[in-house]
Protein chains: 2
Amino acid sequence: MAGSGKAAHSHDHQHCIREALTSAERVCAERGARLTPLRKRVLELIWDSHEAIKAYELLESLGALGESTKPPTVYRALEFLLEQGLIHRIESENAYVGCRHPEEAHDYQLLICDGCRHVEEVEVPGVGAALKDQASQLGFRVHQKTVEIHGLCAQCVANPR
Amino acid sequence: MAGSGKAAHSHDHQHCIREALTSAERVCAERGARLTPLRKRVLELIWDSHEAIKAYELLESLGALGESTKPPTVYRALEFLLEQGLIHRIESENAYVGCRHPEEAHDYQLLICDGCRHVEEVEVPGVGAALKDQASQLGFRVHQKTVEIHGLCAQCVANPR
DNA sequence: CGGGGTGTGTTACATTGTAACGAAATACGG
DNA sequence: CCGTATTTCGTTACAATGTAACACACCCCG
Ligand SMILES: [Zn+2]
Ligand SMILES: [Zn+2]
Ligand SMILES: [Zn+2]
Ligand SMILES: [Zn+2]
């Protein structure tokens, strides 16, 4: 078992990408939101992996594709994708990651590996409701919940670099 | 009821400040950590209110007190205060707030009012454990949890500006 | 007194994010 | 199809947030 070494995160990622893009097309069509070529390219770049990606990394990648390369370009695309719930912002990293369930609003929590930057989106039963209930008891009206767990994923625990 | 208008957040804040500072002195003394004049001044500035305060606001206030006024000064003080658990960083705001329970490690969640910037630190029973358990099941080793709830506090819901 | 460690001052820079304005593309009523 | 309103995009310029690196001061201890 010592050197087995293959990626615990390994999976058919082309499938993830296809699914993310077709979901995006669908929800935007349903809502009359315009998933323009630029926005779609940014979404594709974000879905290039399950890792957190930063705005300026996206900017650089866009440049390599012959696109504009000015910050507002990518920030506007990110703003659109966030509004449509197609991506999530990772506040503690100033970074972004594709959303796994863009079809509908949902509570979610992010497990962020500080070893490999892999981000896992989970919904721990009860957590969202417990936070909401506590807030309500205090008369607090919730607009947004940010739950980000940092640490090491199973792969990085087993295989520290 | 229309114009009753007194602060729901009102309380003896001098008491909060005194308690925060004496706690800080105590925990630092116990640990052999040095709460220098500069670090203490920064902590006082943070405890000036229960609102989130930004590094450059602290910098400005320090300047008004005749202190240095260069970013590293305040960022180093913040780093120390964070390490000692005397303050919490609000990732979604790039801001800081005093910790209510600096004596020991604890799970916490922050209720951040987008109306008045008031920040309430709570510990919803079970939430920390639920997150930890879910992570463990996935083989994820937790280092840090960030839970930040944005919205409107009771006061701002009742009295929208 | 002489080092070694810690804290602070300072310069310079890196990273992250926005305001503002005009041009282009698109949607839409007629 | 045409004219007009709206949205999106390109571009400049800048604001806000955060750090690396190095010099110096201070303090403790031998
Ligand atoms: Zn995948
Ligand atoms: Zn999601
Ligand atoms: Zn108080
Ligand atoms: Zn706390």
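The sequence lines fix the lettering, A, B, ..., with proteins before strands; numbering per chain opens at 1.
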Mind calculating the distance between [atom1] ([X]) and [atom2] ([N]) to the nearest angstrom?
X     : N      : atom1 : atom2 : answer
A/L58 : C/dG17 : CG    : C1'   : 14 Å
B/L38 : C/dT10 : CG    : P     : 12 Å
B/K70 : C/dG7  : NZ    : C1'   : 16 Å
A/E91 : C/dT16 : CD    : C1'   : 13 Å
B/L35 : C/dT8  : CG    : P     : 10 Å
A/L59 : C/dT18 : CG    : P     : 14 Å
B/I53 : D/dT17 : CD1   : P     : 12 Å
A/F80 : C/dT26 : CZ    : P     : 15 Å

Note: [X]-[Y] ion pair, threshold 4.0 Å (strictly below):
X      : Y     : value
A/R117 : A/E57 : yes
A/E25  : A/K40 : yes
B/E103 : B/R26 : yes

Just to confirm, is there a sub-4.0 Å distance from OP1 or OP2 of [N] to any side-chain nitrogen or oxygen of [X]?
X     : N      : value
B/N94 : C/dT16 : no
A/K54 : C/dT15 : no
A/T36 : D/dC9  : yes
B/R89 : D/dG18 : yes
A/R39 : D/dC9  : yes

* To do: Determine the contact category for B/R41: base if any of its heavy atoms lies under 4.0 Å from a base atom, sugar-phosphate if only primed atoms, P, OP1 or OP2 are that close, otherwise nothing.
  =>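 If one applies the 4.0 Å heavy-atom cut-off, B/R41 turns out to touch nothing in the nucleic acid.
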* Determine the contact category for B/R76: base if any of its heavy atoms lies under 4.0 Å from a base atom, sugar-phosphate if only primed atoms, P, OP1 or OP2 are that close, otherwise nothing. =>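 Base contact - B/R76 has a heavy atom under 4.0 Å of at least one base atom.
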* Check the angle between the aromatic planes of B/Y108 and B/H88 and answer parallel, tilted or perpendicular using the 30° and 60° thresholds. =>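 Because their plane-to-plane angle is under 30°, the rings of B/Y108 and B/H88 count as parallel.
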* Are B/Y56 and D/dT17 stacked, counting the six-membered base ring, centres under 5.5 Å, planes under 30°? ->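 Yes; by the centre-distance and plane-angle rule, B/Y56 counts as stacking on D/dT17.
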* **Ring-base stacking, A/Y75 with C/dT18 (5.5 Å, 30° cut-offs)** =>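 Not stacked by the 5.5 Å and 30° rule.
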* Passing candidate, side chain to side chain contact (heavy atoms under 4.5 Å, CB included) with B/Y96, options B/I90, B/V119, B/L82, B/V74 ->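 So, applying the side chain to side chain contact (heavy atoms under 4.5 Å, CB included) to B/Y96 and each of B/I90, B/V119, B/L82, B/V74, only B/L82 qualifies.
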* Asked: Closest nucleotide of DNA chain C for A/P71 versus for B/A33: which of these residues is on the 5' side?
  ->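 Comparing both residues, the 5'-ward one is B/A33.
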* Asked: Closer to the 5' end of DNA chain C via nearest nucleotide, is it B/P72 or A/A95?
  ->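 Counting from the 5' end, the first nearest nucleotide belongs to B/P72.
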* Tell me which nucleotide among D/dG10, D/dG18, C/dG17 gets nearest to the side chain of B/A55. =>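 Per side-chain heavy atoms of B/A55, the pick is D/dG18.
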